[in-house]
Amino acid sequence: MDDILKCMPKMLSGKELDEKLAVLPTYNKSIIEKSTTERLIAMQDIYQIFVPSAMSREIYAKLYLALLRSLQKKKSILAVRQSNENSKMVRQKSYESIIGGSDSFTIIGPSGIGKSSAVSRAVNILTEKAVLELSNTKIIACLQVQTPADCSVKSLLLEILRKTDELLHSRYYETALRSRSTTDMLVGSVSQVALNHIGLLIIDEIQNLANSKSGKTMLGTLTQLINNSGVSICMVGTPESAIFFEQERMLARRTLGLNYATMEYDDNFRNFCKAILSYSYVQEAIAVDEAMLLWLYNHSSGNASVVISLLHDSQEIAILEGHEQLDISVLNIAYEKRLTMLHNFINPPCMKSSPAKKKLPHSPTISEKTALTDNLSIYQIAMKAKVSQSDIISLLRQNGFNIAEVSI
């Protein structure tokens with residue numbers, strides 16, 4: 001056990017773990033004094049931000065312990081016997097599963113909540129050494145692949161071999177192609193490779209199983225892979241996959257794991273928004289208050305990626321239109337213009353006794369603060385009327401347009 005722990009990175013927790021998980025790009029306040037082009041380019045850093053959460057900490061712990069269990073099995077006597085059985089399978093002779101195991105689990109949650117980013121951050125910590133040395137054997141700490149869109153078992157197995165070759169500089173993939181291996185032979189080959197050289201196998205986009213006739217076949221192959229290699233397999237996907245796994249007891253047992261939803265309106269959500277809002281690229285200071293945070297929650301349903309898109313695009317609009325201020329009026333424009341396709345999926349929760357039901361205070365725009373000029377177009381005036389909820393006829397007259405009202 002001691003030699004296994006020595007080859008693995010130290011298990012982190014608390015503040016030390018949060019510091020490792022976090023991705024906070026360098027931000028210089030002087031950026032707001034730069035040109036429009038420089039600010040728009042620098043603003044791409046918003047998409048790189050990752051704020052640690054209870055979800056990301058739990059995922060890290062789950063992956064770490066799964067890797068540890070996998071390495072423990074590789075040191076057992078059963079692993080040697082299983083290696084001999086896998087060789088029989090490659091030669092298409094009778095074989096049996098000896099090492100066994102039930103080390104498959106899922107990480108399931110809606111698209112955009114940050115589960116894949118959390119997995120990526122956890123893997124980044126676990127793979128400070130991408131290849132571990134255990135008993136003079138090279139072992140890939142974490143190997144990540146995606147479920148093929150058509151759920152082709154052969155494509156997945158070949159991809160595992162190809163990625164193994166990338167890290168170990170081996171030739172398993174080339175050998176499999178040259179020998180024109182059947183699917184059964186590939187299962188034996190991949191089982192042997194996983195037994196000897198893979199610690200944790202992570203399969204993303206597992207919801208593809210739910211939309212394919214080959215879904216159960218692929219899951220059966222993964223189960224066989226677990227039993228023949230002892231490798232821990234983590235499957236990451238959306239709630240569609242949960243519905244698929246719940247159909248049968250065998251599937252449900254093999255896919256117990258972590259299940260997440262979007263964020264609640266609590267301190268975690270507020271702190272997440274404040275972290276993103278600290279990256280300001282508009283020239284006027286951003287006033288972060290409860291009204292803005294509530295607006296963000298009600299227009300994102302607590303989905304992290306939607307919040308990031310809203311805060312990025314609203315600043316982009318403010319800069320491009322010379323508004324230079326991030327307020328609720330600009331956020332509304334970003335929501336209406338940029339997130340149209342998501343409107344049907346964003347259902348603000350009904351929060352009893354919550355200020356969400358109160359009318360949000362209107363923050364005057366730059367155009368409302370300054371005197372109206374004669375060179376405004378009808379389109380600009382229409383947009384002003386919409387944002388400020390003013391009478392468009394009055395605004396047109398103030399800007400020198402002759403308006404004649406006729407009865408129809």
Side-chain angles (χ1 to χ4, degrees), residues 1-21 52 54-83 86 97-108 115-145 160 163-164 167-168 190-204 206 222-236 253-260:
M1 182 66 173
D2 287 342
D3 56 339
I4 294 175
L5 290 174
K6 284 180 182 178
C7 81
M8 285 187 66
K10 171 188 169 186
M11 189 173 186
L12 307 176
S13 61
K15 186 178 179 181
E16 186 180 12
L17 175 59
D18 282 353
E19 289 176 352
K20 280 282 189 177
L21 287 171
M55 177 182 73
S56 56
R57 297 180 200 105
E58 189 175 28
I59 287 175
Y60 164 77
K62 186 75 172 174
L63 296 183
Y64 186 97
L65 296 174
L67 173 59
L68 180 60
R69 285 196 302 273
S70 185
L71 294 180
Q72 287 173 326
K73 287 188 177 184
K74 295 183 192 307
K75 291 283 289 182
S76 68
I77 296 175
L78 293 178
V80 178
R81 292 175 57 193
Q82 185 65 63
S83 179
N86 290 343
S97 174
I98 295 174
I99 197 167
S102 57
D103 295 329
S104 60
F105 61 96
T106 53
I107 298 175
I108 293 175
K115 61 185 183 301
S116 292
S117 296
V119 169
S120 178
R121 292 303 305 146
V123 168
N124 187 264
I125 297 173
L126 291 175
T127 56
E128 288 183 353
K129 290 183 179 179
V131 179
L132 308 175
E133 292 276 353
L134 182 63
S135 302
N136 297 319
T137 302
K138 291 183 177 181
I139 298 173
I140 300 168
C142 298
L143 189 93
Q144 292 179 278
V145 294
I160 292 172
K163 290 214 166 184
T164 298
L167 291 165
L168 298 183
V190 174
S191 295
Q192 190 77 314
V193 169
L195 177 66
N196 294 327
H197 300 297
I198 298 176
L200 174 63
L201 178 62
I202 299 175
I203 304 177
D204 205 353
I206 202 69
L222 293 177
T223 300
Q224 193 175 4
L225 188 59
I226 295 166
N227 291 335
N228 295 346
S229 67
V231 68
S232 297
I233 296 181
C234 168
M235 293 173 277
V236 185
R253 185 175 67 84
R254 285 292 185 188
T255 53
L256 297 174
L258 309 178
N259 206 319
Y260 299 103

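The shown structure was predicted, so the numbers you read here are calculated from the model rather than taken from an experiment.
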Looking at [X] and [Y], what are the two nearest heavy atoms and their distance?
X: K115; Y: I59; answer: O-CD1, 4.2 Å
X: A122; Y: L21; answer: N-CD2, 4.2 Å
X: V231; Y: L225; answer: CG1-O, 4.4 Å
X: L12; Y: Y60; answer: N-OH, 2.9 Å

Criterion side chain to side chain contact (heavy atoms under 4.5 Å, CB included) against L143, the qualifying member of V193, L167, I202: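 It is L167; the other options fail the test.
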
Among I198, L71, V131, side chain to side chain contact (heavy atoms under 4.5 Å, CB included) partner for I139: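 It is L71; the other options fail the test.
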
Considering residues at least two apart in sequence or located in another chain, which fulfil the side chain to side chain contact (heavy atoms under 4.5 Å, CB included) criterion with [X]?
X: K15; answer: E19
X: S116; answer: D204, V236
X: A66; answer: R69, F105, L200, S232

Gap separating the [atom1] atom of [X] from the [atom2] atom of [Y], nearest 0.5 angstrom:
X: I4; Y: L68; atom1: CD1; atom2: CG; result: 6.5 Å
X: E16; Y: I125; atom1: CD; atom2: CD1; result: 9.5 Å
X: M8; Y: L67; atom1: CE; atom2: CG; result: 4.0 Å
X: K163; Y: L201; atom1: NZ; atom2: CG; result: 10.5 Å
X: L132; Y: K6; atom1: CG; atom2: NZ; result: 15.0 Å

Side-chain donor or acceptor of H197 paired with backbone N/O of K138 under 3.5 Å: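 Flag set: sc H197 to bb K138 pair under 3.5 Å.
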
I160 backbone acceptor or donor facing T164 side chain under 3.5 Å: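 Answer holds: yes.
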
Beyond-backbone contact of [X] with [Y], side-chain heavy atoms, under 4.5 angstrom:
X: K73; Y: L195; value: no
X: Q144; Y: V123; value: yes
X: T106; Y: I206; value: no
X: M235; Y: I233; value: yes
X: C234; Y: L63; value: yes

side-chain hydrogen bond (donor to acceptor under 3.5 Å, both in side chains) contacts in which one or both residues fall within residues 124-134, not counting sequence neighbours: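 For residues 124-134: K20-E128.
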
Any residue meeting side-chain hydrogen bond (donor to acceptor under 3.5 Å, both in side chains) with E58, in chain and number order, not counting sequence neighbours: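 For E58 the side-chain hydrogen bond (donor to acceptor under 3.5 Å, both in side chains) partners, ignoring immediate neighbours, are Y260.
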
Results of side-chain hydrogen bond (donor to acceptor under 3.5 Å, both in side chains) for Y64 - residues two or more places apart only: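 By the side-chain hydrogen bond (donor to acceptor under 3.5 Å, both in side chains) rule, Y64 matches no residue at all.
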
